[in-house]
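Report on one structure; see the data block that follows.
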Amino acid sequence: LNEISKLDQVGDVRQIGLMAGIELVMDKKTRKPFPAEMKMGSRICMDMRKKGFFLRPLGNTIVIIPPLSITKSEIFKFFQTLKIRLLSRI
């Protein structure tokens with residue numbers, strides 16, 4: 001999550017245990033959100049679903065709740081895929 005939080009498109013990352021929320025923003029400095037009609041959270045989640053990862057959008061926040069049985073290699077693959085998606089779609 002540290003690497004993801006440094007991206008220009010990420011305004012905030014909140015985490016407790018394995019659950020996390022990643023807030024997507026247009027401008028990291030001002031934390032200006034994407035307009036609701038862009039459905040940026042939904043777009044990113046649908047892109048990730050095509051890759052086999054299930055996320056939940058809450059407006060411009062992506063909610064991550066992985067299964068407790070997830071492996072370290074699966075976590076690594078997930079975050080690599082998410083980083084690529086964030087960089088390419090926003």
Side-chain angles (χ1 to χ4, degrees):
L1 282 173
N2 288 333
E3 200 173 317
I4 296 289
S5 69
K6 294 175 186 173
L7 298 176
D8 290 339
Q9 308 87 342
V10 176
D12 189 28
V13 174
R14 297 173 292 281
Q15 176 192 8
I16 185 163
L18 289 178
M19 296 183 297
I22 300 172
E23 178 188 11
L24 305 175
V25 295
M26 288 183 75
D27 185 318
K28 189 175 190 89
K29 247 183 198 177
T30 64
R31 292 185 58 179
K32 179 181 177 182
F34 285 98
E37 57 271 4
M38 287 183 75
K39 298 184 179 186
M40 193 56 67
S42 292
R43 289 171 53 191
I44 297 296
C45 289
M46 290 307 293
D47 286 347
M48 290 293 288
R49 189 168 293 170
K50 292 173 187 173
K51 295 288 185 182
F53 299 105
F54 293 89
L55 307 173
R56 180 176 182 206
L58 288 175
N60 285 324
T61 300
I62 297 171
V63 178
I64 302 166
I65 307 174
L68 295 176
S69 61
I70 194 166
T71 65
K72 286 183 182 181
S73 64
E74 291 169 332
I75 291 171
F76 179 79
K77 182 179 178 185
F78 169 79
F79 281 110
Q80 287 300 99
T81 305
L82 179 59
K83 182 179 176 182
I84 291 166
R85 284 287 169 239
L86 289 173
L87 290 171
S88 67
R89 297 288 294 172
I90 299 177

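All values reported here derive from a predicted model rather than from experimental measurement.
- Counting heavy atoms from C-beta outward, Ile65 and Arg56 have side chains that stay 4.5 Å or more apart.
- Atom CZ of Phe53 sits about 14.0 Å away from atom CD1 of Ile44, to the nearest 0.5 Å.
- Across Val13 and Ser5, no two heavy atoms sit closer than the pair CG2-CB, 3.6 Å.
- Between Leu55 and Cys45, the shortest heavy-atom distance links the atoms CB-SG, 3.6 Å.
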For the pair Met40 and Gln9, evaluate side-chain contact (heavy atoms from CB on, under 4.5 Å) and give the outcome as yes or no after the intermediate values.
-> CA-CA 11 Å; Met40 193 56 67; Gln9 308 87 342; over 6 Å; no
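- If you take CD1 on Ile62 and CG on Leu24, they are separated by 4.0 Å, rounding to the nearest 0.5 Å.
- Listed for the Gln80 side chain is no donor-acceptor partner under 3.5 Å among the backbone atoms of Leu82.
- Within a 6.0 Å radius of CD in Glu3, other residues, nucleotides and ligands contribute 12 heavy atoms or fewer.
- Here the side chains of Arg14 and Thr61 are in contact, with some heavy-atom distance below 4.5 Å.
- Under a 3.5 Å cut-off, the side chain of Asn60 and the backbone N or O of Phe34 do form a donor-acceptor pair.
- Cluster annotation: Leu86 and Met38 are assigned to the same hydrophobic cluster (Ile/Leu/Val/Met/Phe/Trp/Tyr, side-chain heavy-atom contacts under 4.5 Å, transitive).
- Side chain of Lys28 to backbone of Val10: a donor-acceptor contact under 3.5 angstrom is found.
- Side-chain contact between Pro35 and Met26: present, with at least one pair of heavy atoms (C-beta onward) separated by less than 4.5 Å.
- Atom CG of residue Leu58 and atom CD of residue Glu23 lie 12.0 Å apart, to the nearest 0.5 angstrom.
- Here CZ of Arg85 is found 12.5 Å from CE of Met46. Values are rounded to the nearest 0.5 Å.
- Considering OG1 of Thr81 and CZ of Phe76, their distance stands at 9.5 Å, rounded to 0.5 Å.
- Residue Ile70 holds its CD1 atom at 9.5 Å from CD1 of Ile64, rounded to the nearest 0.5 Å.
- The cluster map of Ile, Leu, Val, Met, Phe, Trp and Tyr, joined by side-chain heavy atoms under 4.5 Å apart, puts Leu18 and Phe78 in different clusters.
- Under the 4.5 Å side-chain heavy-atom criterion for Ile, Leu, Val, Met, Phe, Trp and Tyr, Val63 and Ile16 are members of the same hydrophobic cluster.
- No chain of hydrophobic side-chain contacts below 4.5 Å, direct or via other Ile, Leu, Val, Met, Phe, Trp or Tyr residues, connects Met19 to Ile4.
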